[in-house]
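Scroll down for the structure; my scribbles are underneath it.
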Amino acid sequence: MINKLSKQQYKQLAIDLDVIRDETSSHIGKRDANYIRRIIRIQRSAEILGRITMVMGFIHPLFWLLGVVSLSLSKILDNMEIGHNVLHGQYDWMNDANINSRHFEWDIACDAGSWKRIHNYEHHTYTNIIGKDRDFGYGLLRLSDDIKWRKKNLWQFITYINLSLFFEWGIAYHEMAAERVFIGQKKNNRSSQVTDAELKSNFFGKATRQIFKDYIFFPLISGPMMLPVIAGNFIANIIRNLWTATIIFCGHFTEDVHTFSEEECKNESRGQWYHRQMLGSSNLSGSRWFHILTGHLSCQIEHHLFPAIPAHRYVDMSIKVMEIAKKYDIPYNTGSFFKQYATVLKRVYRFSFP
Amino acid sequence: MVSKVYQWLAKALVNNKSFKGFFEPLVQVFFPFWTVDAYRAKLIKIRDENKEVYSLVLKVSKYWKGFEAGQYVEISVEKNGAYMSRIFSISSAPGLYTKSGVIELTIRKQQQGCITPWLYNTLKKGQIINISAAKGHFIVNNLNRSLLLIAGGSGITPFRSIISEALRSRQAIDIHLLYYTHGIDHLFVGELQQQVEKCQGLSVSFVNSSQSGRICLAHLQQYCSDFKNRVSYICGPTGMIQATKQLLLGSNVAEEDIRYEYFGPAPVVNLDIKTSGTIVFKQSCIEVESTSKKTHSLLEIAESAGLSPTTGCRMGICHQCICQKQQGIVYNTLTKVFSDTGSEEVQICISVPVGNVTINL
């Protein structure tokens with residue numbers, strides 16, 4: 001069961017975590033700007049290299065393979081370390097029009113505006129509150145006993161594999177609250193800033209552009225390499241989908257992650273909010289390049305505590321956050337990728353049954 | 001049509017407003033700080049005008065579109081990873097630019113400012129900075145009329161350009177410059193005196209308001225008795241512009257004969273977040289006086305003024321409510337940091353205005 005803290009302890013917890021945040025904030029500057037610009041340069045180079053070498057597959061198939069790997073890397077960097085973090089506003093202070101949460105658009109089916117609305121707001125504010133955080137199970141999977149068992153949950157392991165393979169489309173559909181827009185289901189506790197018509201046009205606009213790019217434009221200009229390029233782009237998208245889905249599932253759906261009810265979280269204090277973020281997230285340990293490829297979602301706990309701090313600083317911050325977790329006896333959920341991922345699979349399987 | 005297709009292609013193929021934007025970070029490897037939306041200018045030298053004022057002498061990129069006397073540019077530099085921008089009037093004449101591609105910006109080191117002293121101490125000869133196209137409507141379009149130019153402090157800068165250009169035009173001109181400073185040296189004194197000697201139609205009065213007091217009707221009558229028949233141009237601190245405008249209107253000068261340009265917000269010295277001020281919501285054309293004792297976020301002020309900006313978490317996390325602040329200082333209640341005075345994007349749910357703020361909402 002969750003270890004509740006006293007009112008005083010919650011207050012002190014908030015102060016302690018704020019100190020870590022402020023300490024890091026005070027150092028944000030040139031180093032962070034150089035870092036994100038370097039990652040963007042690597043991503044852009046990987047994309048250009050990938051698109052070119054894939055066409056050169058007619059010289060030797062290895063070129064095609066290199067192209068697929070390079071384009072996958074580009075898409076992963078673009079979505080994870082660049083897109084996700086820029087859209088969180090981590091680099092807004094740079095005043096750079098192209099590295100900015102208002103203008104950034106990413107190489108994924110879900111349009112940035114819709115994603116910001118749902119992910120940054122619903123998911124980050126109401127993390128793991130059953131009924132409010134629609135990201136918990138994405139409305140497809142039953143990952144806790146708090147959710148009523150349905151027959152479809154019996155085969156949810158297969159649903160999970162399909163979701164991972166086509167994750168970008170799942171997200172795009174999910175973030176526009178498609179069941180509401182298309183089918184007309186209404187939930188009374190949700191108000192919307194945007195009309196259904198806008199949501200639809202954003203969804204179809206972005207989807208058209210993404211399909212045009214990967215399956216029409218680049219294949220067509222590749223002449224005889226058209227079919228291999230379509231296949232390569234498709235595989236690159238799948239690799240990116242599998243990677244992002246897997247990493248994201250490791251962040252919130254590992255075995256020991258806690259869930260919350262709406263009643264528990266009414267009128268919660270900032271300290272309680274912090275507490276919930278720590279209990280509702282889990283980390284992955286790994287090397288520097290691993291952290292970068294996950295967009296530092298390997299430090300999911302730190303990301304949920306400090307969503308606006310440039311993510312590459314989370315690894316250093318995690319040492320201090322761990323000390324604080326120890327001080328208040330809050331479980332700090334971390335482990336290697338394989339260990340954590342195994343518990344995710346276990347969870348998906350376990351809750352298939354009533 | 002072509003540009004629409006181009007934009008759509010850029011959005012589809014590189015998820016960017018333009019292809020240039022996609023390649024910008026790569027170009028920056030070779031040309032640091034290169035951006036799509038700005039022109040590049042090379043710093044030839046920093047010239048001290050006096051202890052507090054300096055001029056940046058800039059050689060501007062050949063793609064820059066030129067300017068008219070009285071216009072300003074926005075310059076932008078990178079300070080600790082962040083792009084910072086400021087607006088300055090061009091103090092040199094367009095003639096100098098057409099001859100040599102050089103423009104000058106004359107800048108006072110604001111003691112509380114975070115950019116103007118920093119620029120002076122950090123910029124090196126040969127360094128590249130970004131400048132915008134010239135902007136502004138503070139220009140003289142009819143030299144046949146007699147002019148009264150009223151400058152306060154650094155407000156002299158556009159007039160230096162206007163006067164030099166008027167002399168170069170070799171037209172018969174009638175210009176009187178009434179130049180106020182408060183307890184500090186006048187700028188460009190030697191240069192102005194030379195110009196007065198060379199040109200009959202030009203006269204200059206240097207007034208030190210710490211001795212003679214602020215601008216008043218007696219001053220106008222004393223220094224420029226026919227001021228009622230002239231077109232007046234005023235540039236200087238906000239209070240001075242407002243007072244001068246009232247004086248002229250009170251003397252039955254027609255409103256269309258009074259032109260003025262505000263000099264941008266001065267840095268606030270005593271940062272008290274309960275300071276009252278006017279909040280201007282630009283797009284909605286609403287002005288709100290914030291005078292209440294309790295501090296309110298820009299979001300709350302906007303909502304109580306009947307606006308409904310996009311919002312989300314209302315606690316600084318989701319970044320949905322970000323708006324362009326055009327000028328003024330805001331206090332970020334989350335980071336506990338006061339913003340810069342210039343244009344930037346702010347999260348309105350956690351921004352409390354300090355004094356006058358203009359927001360693009």
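In what follows, chains carry the letters A, B, and so on, assigned in the order in which the sequence lines appear, proteins first and then strands, with residues in each chain numbered from 1. Quick caveat, the model's predicted, so the values are computed rather than measured.
- Contact of A/Asn100 with chain B is made through the side chain alone, with heavy-atom distances under 4.5 Å.
- Looking at A/Asp96, the atoms closer than 4.5 Å to chain B (heavy atoms on both sides) sit in the backbone and in the side chain alike.
- With ring centers used as reference points, B/Phe19 lies under 6.0 Å from B/Tyr6.
- Only the side chain of A/Asn98 comes within less than 4.5 Å of a heavy atom of chain B; its backbone N, CA, C and O stay farther away.
- Chain B forms the most heavy-atom pairs under 4.5 Å with one residue out of A/Arg102, A/Arg38, A/His103, A/Glu47, and that residue is A/Arg102.
- Less than 6.0 angstrom separates the ring centroid of A/Trp115 from the ring centroid of A/His84.
- Heavy atoms of A/Phe218 lying under 4.5 Å from chain B belong exclusively to its side chain.
- With a threshold of 4.5 angstrom between heavy atoms, A/Arg41 approaches chain B through its backbone and through its side chain.
- For A/His119, no part lies under 4.5 angstrom from a heavy atom of chain B.
- Residues satisfying the side-chain hydrogen bond (donor to acceptor under 3.5 Å, both in side chains) test with B/Asn332, not counting sequence neighbours, are B/Thr335.
- Proximity to chain B (any heavy atom under 4.5 Å) is shown, for A/Ser25, by neither the backbone nor the side chain.
- Contact annotation for A/Ile28: only backbone heavy atoms (N, CA, C, O) come within less than 4.5 Å of a heavy atom of chain B.
- Here B/Gly81 is the residue among B/Gly81, B/Pro25, B/Gly21 with the most heavy-atom pairs under 4.5 Å with chain A.
- Heavy-atom pairs under 4.5 Å with chain A peak, among B/Lys79, B/Met84, B/Glu78, at B/Glu78.
- In this structure, the side chain to side chain contact (heavy atoms under 4.5 Å, CB included) partners of A/Glu23, at least two apart in sequence or on a different chain, are A/His27, A/Lys320.
- A donor-acceptor pair under 3.5 Å is absent between the side-chain atoms of B/Thr341 and the main chain of B/Ile329, judged by distance alone.
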